[in-house]
Amino acid sequence: MYWVYERLLTAFGPQGWWPGDGGAFEVAVGAVLTQNAAWRNVERALAGLDERQWLSPQAIRDAEPDELGAAIRPSGYFNVKAGRLQALATAWVEAGGDAALAALATDELRRWLLAIRGIGRETADDVLVYGFDRPVFVVDAYTRRIFARLGLIQGDEPYESLRASVEAELAIGDGATQRLNEFHALIVALGKDVCRPRPDCASCPLASDCPTSRQEAV
DNA sequence: GCCCAGGTGTTTC
DNA sequence: GAAACACATGGG
C-alpha cells in the first residue's frame, strides 16, 4: 500500500489536514458534523456555530438543543448531531479539557472517545490523528472503495483489521503520524474527485496499476 | 427525481 | 457479529 501513498502524494501534493484552524475540540466537532455529510455543508454548520461563538466545549454543552440543531442544520441529521455534540462537549469538560486529554496514551484516548455517544471508530480516529497528532489511520468509505477497486482488499473487512494493516505498512519509521495524516486525506481527495461511484479512471494517478481501470478500457 | 456525501445507534436475526 | 433501518441537508 505504500506505493499508493507515494503516488497520491506526488499527484495531489500534501493536503495539510485538518481543514480549518481550530484546536482538538474543533476538530472533534467537525468530525461529528461530517458523518455521512459533504464537507461543504459541514463548513456551513461550523460557520453557524462560529457566528454564535459556540465553538467551545462549555458553549456547546450549555446551548439549547433546538438552537444548537438550528445552528448546524446544513450538515444534516441535525437533531442527532446536536445530541452528539453535547455529549462530546460534556465529556470534554468533565475530562478536564485539551491538556488533560493530550496527556492520555493513544489507546486510552481512543477508548475515552469511543465511550461517547455518537463517536464511532472513524470519528474517534479522526480526532486522534488530526486533533491529537497520534499515529492512526482513518478507515472510511473511500478507503474501502479505492482499495477494493485496486484489488488490495475484499471491501468487507472489519474496521480494525483494515486500520491495523495500513498502519503496519505506513507507520514504520520517522514521520509516521504525518504520513498517516496525509494518506487518509489523499484518499479522500481521490475518492471525491476521481474514484467516485462512477470512476473517472482517465484522470486517476493509480490507473496503470488498477484492475478497475483496465476493465473500463474494454 | 434520483444518487451521493470524510457514519453511528438501534433493532432484529 | 452482520444486515436493515432511521437520521436530513445540499449538490450534481
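Chain letters run A, B, ... following the sequence lines, proteins first and then strands; every chain starts at 1. Excluded from the calculations below are hydrogen atoms, water molecules and symmetry mates; all remaining heavy atoms, backbone and side chain alike, are included.
- No side-chain donor-acceptor contact under 3.5 Å links A:Glu122 to the backbone of A:Val138.
- Put simply, the side chain of A:Glu167 never gets that close to the backbone of A:Leu180: no donor and acceptor are under 3.5 Å apart.
- Annotation for A:Arg121: atom CZ does not count as buried by contact number, only 12 or fewer foreign heavy atoms lying within 6.0 Å.
- Looking at A:Gln154, its side chain never comes within 3.5 Å of a backbone N or O of A:Ala148 through a donor-acceptor pair.
- Within the structure, side-chain hydrogen bond (donor to acceptor under 3.5 Å, both in side chains) contacts touching residues 94-120 of chain A (residues at least two apart or in different chains) are A:Trp92-A:Asp98, A:Thr106-A:Arg134, A:Arg110-A:Asp125.
- Within the structure, no pair that satisfies the side-chain hydrogen bond (donor to acceptor under 3.5 Å, both in side chains) test touches residues 183-197 of chain A, not counting sequence neighbours.
- For the pair A:Arg44 and A:Asp156, nearest-nucleotide mapping onto DNA chain C gives the more 5' position to A:Asp156.
- Identified under the side-chain hydrogen bond (donor to acceptor under 3.5 Å, both in side chains) test for residues 52-65 of chain A, with sequence neighbours left out: none.
- Dashed line: the shortest gap from a side-chain N or O of A:Arg145 to OP1 or OP2 of B:dC4 is not under 4.0 Å.
- Among residues two or more places apart in sequence or in another chain, the ring pair (Phe, Tyr, Trp, His ring centres under 6.0 Å) test is passed with A:Phe137 by A:Phe183.
- Per the geometry, CD belonging to A:Gln35 stands 17 Å off C1' belonging to B:dC4, to the nearest Å.
- Grouping Ile, Leu, Val, Met, Phe, Trp and Tyr residues whose side-chain heavy atoms lie under 4.5 Å apart, directly or via other members, leaves A:Ile172 alone, with no other cluster members.
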- Query: A:Ile60 and A:Gln86: side-chain contact (heavy atoms from CB on, under 4.5 Å), yes or no, with the steps?
  - Reply: CA-CA 6 Å; A:Ile60 287 181; A:Gln86 292 198 301; 4.2 Å; yes
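- Pairs engaging residues 138-157 of chain A under the salt bridge (charged side-chain N to carboxylate O under 4.0 Å, His left out) rule: none recorded [sequence neighbours left out].
- Across all strands, A:Arg144 comes closer than 4.0 Å to no nucleic acid atom at all (heavy-atom distances).
- If you check residues 159-168 of chain A against DNA chain B, you find no residue with a heavy atom closer than 4.0 Å.
- Using a cutoff of 4.0 Å between basic side-chain nitrogens and carboxylate oxygens, A:Arg40 and A:Glu43 are not scored as salt-bridged.
- Within a heavy-atom distance below 4.0 Å of DNA chain B, the residues of residues 122-133 of chain A found are A:Glu122, A:Thr123.
- At whole-Å resolution of the value, CZ in A:Arg196 and P in B:dC4 are 11 Å apart.
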- For nucleotides 4-9 of chain C, read 5' to 3', which letter fits each nucleotide if B means a protein heavy atom sits under 4.0 Å from the base, S means only the sugar-phosphate is that close, and - means neither? ---BBB
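- A:Val29 pairs with exactly one of A:Val127, A:Leu46, A:Val42 by the side-chain contact (heavy atoms from CB on, under 4.5 Å) rule, that one being A:Leu46.
- Sorted by residue number, the members of residues 181-195 of chain A with any non-hydrogen atom under 4.0 Å from DNA chain B read A:Val188, A:Lys192.
- One interatomic measurement links the two molecules: CD of A:Glu43 to C1' of B:dA5, which rounds to 14 Å at whole-angstrom precision.
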Just the atom pairs and distances: protein N or O near nucleotides 10-13 of chain B's N or O, under 3.5 Å.
from	atom 1	to	atom 2	distance (Å)
B:dT10	OP1	A:Arg117	NH1	3.4
B:dT10	OP1	A:Arg117	NH2	2.1

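- Taking 4.5 Å as the limit, some side-chain heavy atom of A:Leu190 sits within range of a side-chain heavy atom of A:Leu206.
- Among pairs with a residue in residues 66-78 of chain A, those fulfilling side-chain hydrogen bond (donor to acceptor under 3.5 Å, both in side chains) read A:Asn36-A:Tyr77, at least two apart in sequence or across chains.
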